[in-house]
Amino acid sequence: MPLKCPETISGGDPQMIQLIHVSKYYNRRAALADVTLDIEKGEFVLLMGPSGSGKSTLLRMLIGAEQPDDGHVFVQGKNVTKLKSSEIPYLRRKIGTVFQDFRLLPKKSVFDNVALPLLVQGASPVDIRRKVTEALRAVGVDHKRDQLPIGLSTGEQQRVCVARAIVNGPVVLLADEPTGNLDPGLTSEIMELFKLINARGTTVVVATHDPLVMAQVNRRVVKLDQGMLVPEQRVWA
Amino acid sequence: MGMRTVFYLLREAWANLRTNRTTTMVAILTTAFTLACVGIFLLLYVNLRAAAGWLQEDVKIMVYLDDRVSRESAAAIEQQLRSDHALASLLFISKEQALGEFKAQFPSESHLLEGLGQNPLPASFVVTLSPQYRAPDAVRRWAERVRTITGIAKVDYNQDWINALATFIRSIELIAIGVGVVLSVAAVTIIGNTIRLTLYARRDELAILRLIGATTTFIRVPYLLEGAVLGALGSAVSLIMLKIVYEVFRQQVRAMGRLAGLEQMVTFFSPQICLALIVVGMGLGCAGSFVSLRRFGEAKV
């Protein structure tokens, strides 16, 4: 008899992220194969592995953009695989996302880009102004608030992207190859920023194939290879 | 959805229209031409329907009285007919009046009747039925019912003419509905394609919106509004085009002089119908947008 999985996990202090025997196949090729993984609240995890190892697929599952073929995914105790499509936007409001290609709106100012998640939630103009200013200050680009993304350096664009991801105080921050377009100096800056965000209590998951990032961060490393989890190694500073 | 969100969505819809000015103009004009074709048929339909209505009013039913019926019985029959709710008007023509009319209409033939010694023409009622009783079946049923009244010799009307008229009206209706449906689908497709172009151009933006937790409604509303504006403007422009064509037609008819009176008979849509057509345009625009949004899937993350 198949194991019936609940819609939520209650009781105690639930894990922030839980994957239970998760598999995903594309054209019969396993992008993820029987992955079971727990990430605690407030943890900083590096998801490492070469291109095509399943890192992005795993992150996309956490925001409900992909459904596993087998297994269950829980975020903050909620079974993402059982969410209705109308509930997914509300899950995403709790998760900040940062991408390699920044994904900023080119025709909107830095301020408007960062304000977008708040606007979507119907925040008041006063709240928007306050929170956007805080987020821009936190990432150090407050002085560029009225500029268009095209006028910013790549490092600044990534900072704006981080500001947008943290502006509504997410419980989890997911970053998919956030330093892929950055030089080592900027990589270091962005990773320091993630550490600061993590220090405030946000769970941070960074997917990367860059060994430099691993060396800089010195936190828990989860390795994926051809969709399978490699036994973990913990590196502490 | 709060007022702030509504303002944001309205601003976005307006920005979409402004950013894609050329596409917007092309969409409005193509929609206008398509809806103008619908409009021409609608205008033809309205005018032909009105003309058919006048023709139907002209359909008279003759109810002939038996020559043996007394004056009192004739009055009683008249009373009975007048109380019929199907009746719109009734005119009594006595034997003498019938003879007078015959003589007036055919003066050269009047000697034929004189030779008979007595007036052979019967007294009659000229009846017009109410509009809802002018369909061929209704007329036939009414005539059959009246025929059974004692004292009535014959009920006469031009059945072929009534049938032809009814078929003509039904044909106009069917053609108008057919053309209307086909061209409305065309309008929906045109607007839908315009919106799809916008959606395609903004697919990255839509993906970002999805990513940061925008609901389907939040994403769709600006595009539905855009479709509604395109539809409404297209409809308004088509009405302006039709009005110009209509006025030119009237002027041409007036200038010809031969069809005097026709220009007085043709009518344009009433303000209420114009408003309704703009609302229909809006609806078609929304439908076009909706179809495109459904097909496009609003850019998956």
Side-chain angles (χ1 to χ4, degrees), chain A residues 56-57 59-67 83-99 101-108 112-129 149 160-161 163-172 174-176, chain B residues 1-24 194-226 289-301:
Chain A
S56 297
T57 305
L59 293 189
R60 287 169 59 76
M61 275 183 189
L62 296 179
I63 56 168
E66 293 282 357
Q67 285 290 320
L83 286 182
K84 288 188 220 138
S85 56
S86 59
E87 291 173 317
I88 288 183
Y90 301 95
L91 164 79
R92 290 180 184 167
R93 291 175 189 185
K94 290 193 247 170
I95 302 174
T97 37
V98 177
F99 293 91
D101 56 356
F102 317 135
R103 300 202 188 172
L104 297 172
L105 297 180
K107 286 177 188 159
K108 291 200 188 289
D112 287 342
N113 264 287
V114 177
L116 212 52
L118 298 168
L119 206 66
V120 159
Q121 295 179 34
S124 72
V126 177
D127 260 5
I128 291 178
R129 212 168 303 123
V160 174
C161 187
R164 186 182 63 193
I166 61 168
V167 73
N168 54 355
V171 290
V172 180
L174 304 177
D176 193 2
Chain B
M1 196 180 287
M3 280 312 283
R4 270 184 301 276
T5 317
V6 172
F7 281 132
Y8 171 80
L9 297 177
L10 283 172
R11 230 180 17 245
E12 284 298 294
W14 177 240
N16 280 2
L17 287 167
R18 274 177 58 94
T19 313
N20 311 304
R21 250 170 285 186
T22 319
T23 330
T24 304
T194 312
I195 300 289
R196 200 174 311 169
L197 283 178
T198 319
L199 287 171
Y200 189 75
R202 299 181 69 177
R203 61 194 183 284
D204 293 339
E205 187 176 336
L206 294 175
I208 293 167
L209 283 171
R210 277 248 171 263
L211 206 63
I212 60 171
T215 56
T216 307
T217 311
F218 189 93
I219 291 175
R220 282 185 178 177
V221 165
Y223 295 95
L224 290 175
L225 286 174
E226 193 180 335
S289 269
F290 188 73
V291 170
S292 278
L293 285 162
R294 286 294 291 262
R295 285 214 190 130
F296 198 77
E298 296 122 28
K300 295 275 183 288
V301 177

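First the proteins, then the strands, lettered A, B, ... as listed; each starts at 1. Any value given below was found using the heavy atoms of this structure, including those in side chains, with hydrogens, waters and symmetry copies removed.
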Handout entry: Pairing residues for A:Ala115 by the side-chain contact (heavy atoms from CB on, under 4.5 Å) criterion, not counting sequence neighbours
Key = A:Phe111, A:Ile128, A:Val132
Problem - Contact check, side chains of B:Ile212 and A:Gln121, non-hydrogen atoms, under 4.5 Å - result: no
Handout entry: Among the listed options A:Ser86, A:Pro170, A:Pro117, A:Gly96, the residue most often paired with chain B at heavy-atom distances under 4.5 Å
Key = A:Pro117
Exercise for the section: Say whether, by atom type as modelled, one donor and one acceptor occur between the side chain of A:Arg92 and the main chain of B:Arg210 under 3.5 angstrom. Expected result: yes
Completion exercise
Value for CG (B:Leu211) from CZ (A:Arg164), rounded to nearest 0.5 Å, stands at 7.0 Å
Handout entry: Proximity breakdown for A:Leu91 and chain B, heavy-atom pairs closer than 4.5 Å
Key = neither
Completion exercise
Looking only at heavy atoms, the pair that brings A:Val120 and B:Gly213 closest together is CG1-O, 3.3 Å
Problem - Structural part of A:Lys107 lying under 4.5 Å from a heavy atom of chain B - result: side chain
Problem - Result of checking B:Leu209, B:Thr215, B:Thr216 against A:Pro89 for side-chain contact (heavy atoms from CB on, under 4.5 Å) - result: B:Thr215
Fill in the blank from the handout: Taken to the nearest 0.5 Å, the spacing of B:Ile208 CD1 from A:Leu105 CG works out to 4.5 Å
